[in-house]
Amino acid sequence: MAPRCWRWWPWAAWPRTRPPPSESTQSFRQQFSTQEQTPQICVVGSGPAGFYTAQHLLKHHSRAHVDIYEKQLVPFGLVRFGVAPDHPEVKNVINTFTRTAHSDRCAFHGNVVVGRDVTVQELRDAYHAVVLSYGAEDHRGLEIPGEELLGVLSARAFVGWYNGLPENRKLAPDLSCDTAVVLGQGNVALDVARILLTPPEYLEKTDITEAALGALRQSQVKTVWIVGRRGPLQVAFTIKELREMIQLPGTRPILDPADFLGLQDRIKEVPRPRKRLVELLLRAATEKPGVAEAARRASASRAWGLRFFRSPQQVLPSPDGRRAAGIRLAVTRLEGVGEATRAVPTGAVEDLPCGLVLSSIGYKSCPIDPSVPFDPKLGVIPNMEGRVVDVPGLYCSGWVKRGPTGVITTTMTDSFVTGQILLQDLKAGLLPSGPRPGYAAIKALLGRRGVWPVSFSDWEKLDAEEVSRGQGAGKPREKLLDPQEMLRLLGR
Ligand SMILES: Cc1cc2nc3c(=O)[nH]c(=O)nc-3n(C[C@H](O)[C@H](O)[C@H](O)COP(=O)(O)OP(=O)(O)OC[C@H]3O[C@@H](n4cnc5c(N)ncnc54)[C@H](O)[C@@H]3O)c2cc1C
């Protein structure tokens, strides 16, 4: 008998904005439940978006099966490779993800690059629905002369280096200079500035890689400038990260009171959470510190500063033309109001000597498969509440859905929405009917292509090895960095 499973509902039935009327939902539910089908769903990417989408699907549909594909050998995305090693409490979400992965209706398939090892169309053929949750792994370039000089790095690569991302393990940043400049004023910028300035002994009991810790012990970096195009009212970091900087042992802040002139009056117009942040900045910049704080700052051997109204114009080369020796910043002023405030150059420039430039002006998603629509301007997959526009049965969640901003809880909320929309469509009969082969079909394809997926129990073996390697030094783990070694440990 010919399989019925390849029939799609007509495209016109793919709702763009709202779920179908409850009448059709009801009739489909009856039809679906009598068929006792197992919806086969796959998720591409095992970061917070992938895991939270899977969690929602498993919780709200008692038979759904979810396969999570991941290109790395290990799960958890930026929770492992982004979140700073000195923020271990943030990584507790891994416990929830592990519970999801342990469900007998969930499977993890690491070491599978979707778009290369298997296409999205092949996944769509094998599953009732496909959710793209592959994050935003690229970085936004500075697009200024000198960007290619030694000593200019993306914050993405620098973070990947100290967090053990295999592709960044050989980055070897040169930390022999006195001054580093971080371009951008978001939380990632504060993360890299904090890691550069934290006394290494404070990082010893974290899961930072031993190689990065060794390099930080030798580091000569004493001053870090965190540079933004706009002013104190527009910073993108949050109060927790700012407070940590202000209290960072062995360091003192350098804030120019002139940047804060007139701010006291404007603070009243600012929405509540931002108001508290700007008040803290203002206090740090303008109030005379108490005796103890003044003593602490006087004895500090390292410093960090915020530079406002400066936009990078050119990385200045060393005399031999090979390395970064400084950065030319265009002085800016603000035009427009509210969200529309833009920084425009005034014509004045300022040269800032530095040996390390870390650009932290944002992450960026990339298209992974030509069959999936992509908005290069916004850097996201065009979607309505997680339904990929014009592609029935295809969904997205997380940073690839709404852009690379927001914390893990923001990603959780939007992933639950995607999960819910998918289940609504399933009930409304907008997904293919009939059985789907799911992983059985993909496993055969991957086998023919010489790709060997890593299961969640494989990951747990690697996890145990990392934990045991960290024990001697009192670290939560010593991350494995070499994919070949990891595969060897798994007997491949
Ligand atoms: C440096 C940094 C620090 C952060 N610190 C914090 C913090 O302290 N607290 C907080 O709440 N939030 C923090 N965030 C934000 C948080 O990490 C994000 O909100 C969240 O990780 C986004 O989830 P995601 O699943 O969309 O993307 P990701 O976490 O990036 O997950 C995407 C996954 O998809 C995989 N993938 C990519 N391409 C493919 C492919 N072709 N095939 C298969 N798999 C693929 C990737 O390997 C990755 O595992 C931080 C972010 C960064 C960048």
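This structure is a prediction, so every number in the text was calculated from the model and none was measured. Start at 1 and go down the list; that is how both ligands and their atoms are numbered.
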Output the list of atoms in ligand 1 that are nearer than 4.0 Å to some heavy atom of D191, sorted by atom number.
3 (C)
Looking only at heavy atoms of V112, does any of them come nearer than 4.0 Å to an atom of ligand 1?
yes
Under 3.5 Å, is there a donor-acceptor pair between the side chain of D375 and the main chain of V380?
no
N/O of W399 under 3.5 Å from N/O of ligand 1, yes or no?
yes
Tell me: protein heavy atom nearest atom 36 (N) of ligand 1, and distance?
Y134 CB, 3.8 Å
With a heavy-atom distance limit of 4.0 Å, tell me whether E137 approaches ligand 1 through its side chain, its backbone, both, or neither.
side chain
When the ring planes of Y69 and Y127 are compared, do they come out parallel, tilted or perpendicular, using 30° and 60° as the limits?
perpendicular
Per-atom contacts of ligand 1 with I368, taking only distances under 4.0 Å to non-hydrogen atoms:
41 (N)
Check S133 against ligand 1 and report side chain, backbone, both or neither, counting heavy atoms closer than 4.0 Å.
backbone
Under 4.0 Å between a side-chain nitrogen and a carboxylate oxygen: does that hold for R477 and D463?
yes
Can you tell me the protein heavy atom closest to atom 20 (C) of ligand 1 and the distance?
P48 CG, 3.7 Å
A student checking ligand 1 against G47 at a 4.0 Å heavy-atom cut-off should list atoms 25 (O), 29 (O), 31 (O), 33 (C)
Kindly state if atom 14 (N) of ligand 1 has a protein heavy atom within a strict 4.0 Å cut-off, that is, under 4.0 Å?
no
Can you report which non-hydrogen protein atom sits closest to atom 44 (N) of ligand 1, along with the distance?
K71 N, 3.1 Å
For the CD atom on E143, are there more than 12 heavy atoms of other groups (residues, nucleotides or ligands in this structure) within a distance under 6.0 Å?
no
Protein heavy atoms: any of them under 4.0 Å from atom 50 (C) of ligand 1?
no
Once the angle between the rings of W161 and F158 is folded into 0 to 90°, is it parallel (under 30°), tilted (30 to 60°) or perpendicular (over 60°)?
tilted
Return the closest protein heavy atom for atom 24 (P) of ligand 1 as residue, atom name and distance.
A49 CB, 3.8 Å
Pairwise side-chain contact, Q420 with F416, heavy-atom cut-off 4.5 Å (strictly under):
no
Candidate pair D458 and R492, rule salt bridge (charged side-chain N to carboxylate O under 4.0 Å, His left out), full reasoning
CA-CA 11 Å; D458 286 336; R492 304 278 166 76; 2.9 Å; yes
At less than 4.0 angstrom from any non-hydrogen atom of V90, what atoms of ligand 1 do you find?
7 (C), 8 (O), 9 (N)
For ligand 1, is any non-hydrogen atom under 4.0 Å from Y363's backbone (N, CA, C, O), its side chain (CB onward), both, or neither?
side chain
When you check the gap from the basic side-chain N to the acidic O, do R469 and E465 get nearer than 4.0 Å?
yes
M245 backbone acceptor or donor facing R194 side chain under 3.5 Å
no
Less than 3.5 Å between some nitrogen or oxygen of V83 and one of ligand 1, yes or no?
no
So, regarding E241 and ligand 1 (criterion: nitrogen or oxygen to nitrogen or oxygen, under 3.5 Å), is there a contact or not?
no
Heavy-atom contacts under 4.0 Å between V159 and ligand 1: side chain, backbone, both, or neither?
side chain
Interfacing atoms of ligand 1 (cut-off 4.0 Å, heavy-atom, T411):
19 (O), 20 (C), 22 (C), 23 (O)
Does G115 reach ligand 1, in the sense of a heavy atom lying below 4.0 Å from it?
no
As a test of understanding, state which of V417, L422, L423 forms a side-chain contact (heavy atoms from CB on, under 4.5 Å) with H56.
L423
the protein heavy atom lying closest to atom 52 (C) of ligand 1 turns out to be V188 CG2, 3.9 Å
Between E89 and K240, does any side-chain N to carboxylate O distance fall below 4.0 Å?
yes
Report the relative orientation of the aromatic rings in F76 and F51; use parallel for angles under 30°, tilted for 30 to 60°, perpendicular for over 60°.
tilted
For ligand 1, is there an N or O atom under 3.5 Å from any N or O atom of L78?
yes
Does any N or O of ligand 1 fall below 3.5 Å from an N or O anywhere on G82, backbone included?
no
Which ligand 1 atoms, with their elements, are less than 4.0 angstrom from a heavy-atom of Q72?
47 (O)
So does D117 pair up with R449, basic N to acidic O under 4.0 Å?
no
Can you find a heavy atom in the side chain of F97 that is under 4.5 Å from one in the side chain of V79?
yes
Under 4.0 Å to a heavy atom of G398 - the qualifying atoms of ligand 1, by number:
26 (O)
Which residue and non-hydrogen atom of the protein lie closest to atom 16 (C) of ligand 1, and at what distance in Å?
I408 CG1, 3.9 Å
Below 3.5 Å, N or O to N or O, backbone or side chain included: is there any such pair between F76 and ligand 1?
no
Heavy-atom side-chain proximity of D207 to K91 below 4.5 angstrom
yes
When you measure from atom 27 (O) of ligand 1 to every protein heavy atom, which one gives the shortest distance, and what is it?
G135 CA, 3.5 Å
Would the distance check show the side chain of R302 and the main-chain N or O of L197 forming a donor-acceptor pair, the cut-off being under 3.5 Å?
yes
Heavy-atom nearest neighbour in the protein, as seen from atom 48 (C) of ligand 1, with distance rounded to 0.1 Å:
E70 OE1, 3.5 Å
Region of V114 engaging ligand 1 - heavy atom pairs below 4.0 Å:
both
